[in-house]
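Worksheet: one structure, shown below.
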Amino acid sequence: MTTTREPVAQGLFTWPPTGSAPLRLIASECADCGLLSFPAATDCVRCASTASKERLLADRGTLWTYTTQGFRPPSPPYDGPEAFEPYAVGYVELPGELLVEARLTGSGPERLRIGQEMRLTCVPYTVRDDGTEVVTFAFAPVEEETS
Amino acid sequence: MTEAVIIGVGLHPFGRFPGKPALDMGADAVRLALADAGVGWPRIQGGYIGSYEVANPDAIVGRLGLTGIPLRGVFNGCATAGTAVALAARAIETGEHDLTIAIGLDKHPRGAFAADPSVAGIPSWYGQTGMFLTTHFFGMKINRYMHDHGISHETLARVASKNFHNAARNDKAWRRTPLSVEEILASPVLNHPLRQFMYCGPNEGAAAVVLCRADQAHKYTSTPVRVRATALRSRKLGAFEVQSPSFPVGEPVESPTVDASRAAYELAGIGPEDVDVAQLQDTDAGSEIIHMAENGLCKDGEQERLIAEGVTGIGGRLPVNTDGGLLGNGEPIGASGLRQIHEIVLQLRRTAGARQIAGTPRVGYTHLYGAPGVSAVTILST
């Protein structure tokens, strides 16, 4: 049986990722002042322009800060599995672009340190009743992939 | 401009009160504040009332008296009560009213706040994937701050322990069991590096403050407390704030707390070195540490030594959160900042009982911070 995967939202990251169009976060760039926004926004919070164009963000950056989630968040809005598994979140600095808040792969703080190199990936964070895996963006420590 | 002074404060205990509506807690707080001021409700000319859970907190007039006065509902996240007292003071300063009241009340269900992210202008996926938690921000902010400024886990625990010990001396506080540093460090991690006993919890309570023109204060009290400054600021582009899916790379931009604090000191003509007692937003132990610096009360990183030396304890040079703060009292959002002011007024009057600080305090400071990046500061003096 093939598992179906769906992104948690349209327009958040490129989907499905392919060899010629790998996974990237979709931001917007203000047509007037150049400010980047993620998620993509029609209104610029610097110059109030309403004109923007799509911009794909870098898929590598450094971990700026992080924390862990040790209890199941109130639901709704959280729609992860009833059997809660702790996870980590952090801000990854994409050089010259944005600091982006994201899920981090894994759950413990031991393998995370401020300043380490991180790479964009995606994680299935929940499974619908029909078996569809719902996917969201996340960052993973680069050193784990190369070690 | 006419100056506003506080002539009465009233506080309903903070905690859990099954079966008691928020409006009844608010009415109790108002009656205590009116009695403290020695004025009857019909004398009040205008008021500002804040709540998160009560859609029409101005319905409180149904319990106090339908006198027809303008009673304006206010809401500004965790800065709600700071906003209410600022506006009540402003109405006096501008000459609109001679006698006003600021009221806050709330009754939150147990557990972390839950809401649809759309209320904060954030898409649904942010909540669905478990990102829409204010506790993440506090964990991440203090984690970065500890990395940059050499703050230890023990210091986090010392702050929480101090506030629970202070609350133990406060019969209106919610968490009155003293906890040791070791007990706090042994509690489960909720959001690294913050542990269960390092967080405050949403709960229930109410508070009220009666203000009048300074030149009429002698009619009511011999110990008026002057409202020297109120300031409120929202977040600026580039600042690291709660519930931000992203923010721009670049030079660090300061928190609205820094902006509100500077504005308040300037308005008051009072500097941080003059502050005798402070109430700082301690949503978590890390927040109290960061807010000491953001409010100008120390330099970044100095907290490690100051807290170890007990400087922020009741017997220290700069007592912080003498009534137990949010950690000891919990946070009914609408009332929290008025509880802070209640405590400062007692300290400046030297009627704080078992938790009274030494000497003759003249200047008190209160600070609130909340979503989506808003901060309120008041400076009070004798």
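These values consider heavy atoms only, across backbone and side chains, with no hydrogens, waters or symmetry-generated copies. Residue numbering restarts at 1 for every chain, and letters A, B, ... go by the order of the sequence lines. A quick note: this is a predicted structure, and the numbers were derived from the prediction, not measured.
In this structure, chain A has a heavy atom under 4.5 Å from the side chain of B/Y126, while its backbone stays farther away. At a 4.5 Å heavy-atom cutoff, A/L36 makes no contact with chain B through either its backbone or its side chain. Contacts between A/F38 and chain B at a heavy-atom distance below 4.5 Å involve backbone atoms as well as side-chain atoms. The contact between A/L35 and chain B is made entirely by side chain atoms (from C-beta outward), counting heavy-atom distances below 4.5 Å. At a 4.5 Å heavy-atom cutoff, the contact between B/F132 and chain A is made by side-chain atoms alone. Of the two parts of A/F84, neither the backbone nor the side chain holds a non-hydrogen atom closer than 4.5 Å to a non-hydrogen atom of chain B. Contacts of B/P245 with chain A are made by both backbone and side-chain atoms, with heavy-atom separations under 4.5 Å. Only the side chain of B/F240 comes within contact range of chain A, judged by heavy atoms closer than 4.5 Å. Residue contact with chain A, scored on non-hydrogen atoms closer than 4.5 Å, is absent for B/S124. Looking at B/L190, both its backbone and its side chain come within 4.5 Å of chain A, counting heavy atoms on both sides. If you measure heavy-atom distances from A/P76 to chain B, the contacts under 4.5 Å come from the backbone alone.
Between the side chains of B/S244 and B/E241, not a single donor N or O lies within less than 3.5 Å of an accepting N or O.
Per-residue heavy-atom pair counts under 4.5 Å with chain B were compared for A/L94, A/T68, A/L12, and the maximum is reached by A/T68. Interface summary for chain B: among A/T136, A/V89, A/I114, A/V134, the most heavy-atom pairs under 4.5 angstrom belong to A/I114.
Classified by interplanar angle (parallel below 30°, tilted 30° to 60°, perpendicular above 60°), the ring pair A/Y87/B/H136 is perpendicular. The aromatic rings of A/W64 and B/F247 sit perpendicular to each other, their planes meeting at more than 60°, with 30° as the lower class boundary. Using bins of under 30°, 30° to 60° and over 60° for the plane-to-plane angle, the ring pair B/H108/B/Y52 lands in the tilted bin. In this pair, B/H149 and B/Y145 present their aromatic rings tilted. The plane angle is within the 30 to 60° band. Aromatic ring pairs are classed by plane angle as parallel below 30°, tilted from 30° to 60° and perpendicular above 60°; the pair B/F164 and B/F197 is perpendicular.
Classification of A/R24 and A/E97 as a salt-bridged pair fails, no side-chain N sitting under 4.0 Å from a carboxylate O. Classification of B/E254 and B/K236 as a salt-bridged pair fails, no side-chain N sitting under 4.0 Å from a carboxylate O.
The environment of A/D130 atom CG is dense: over 12 non-hydrogen atoms of other residues, nucleotides or ligands sit within 6.0 angstrom.
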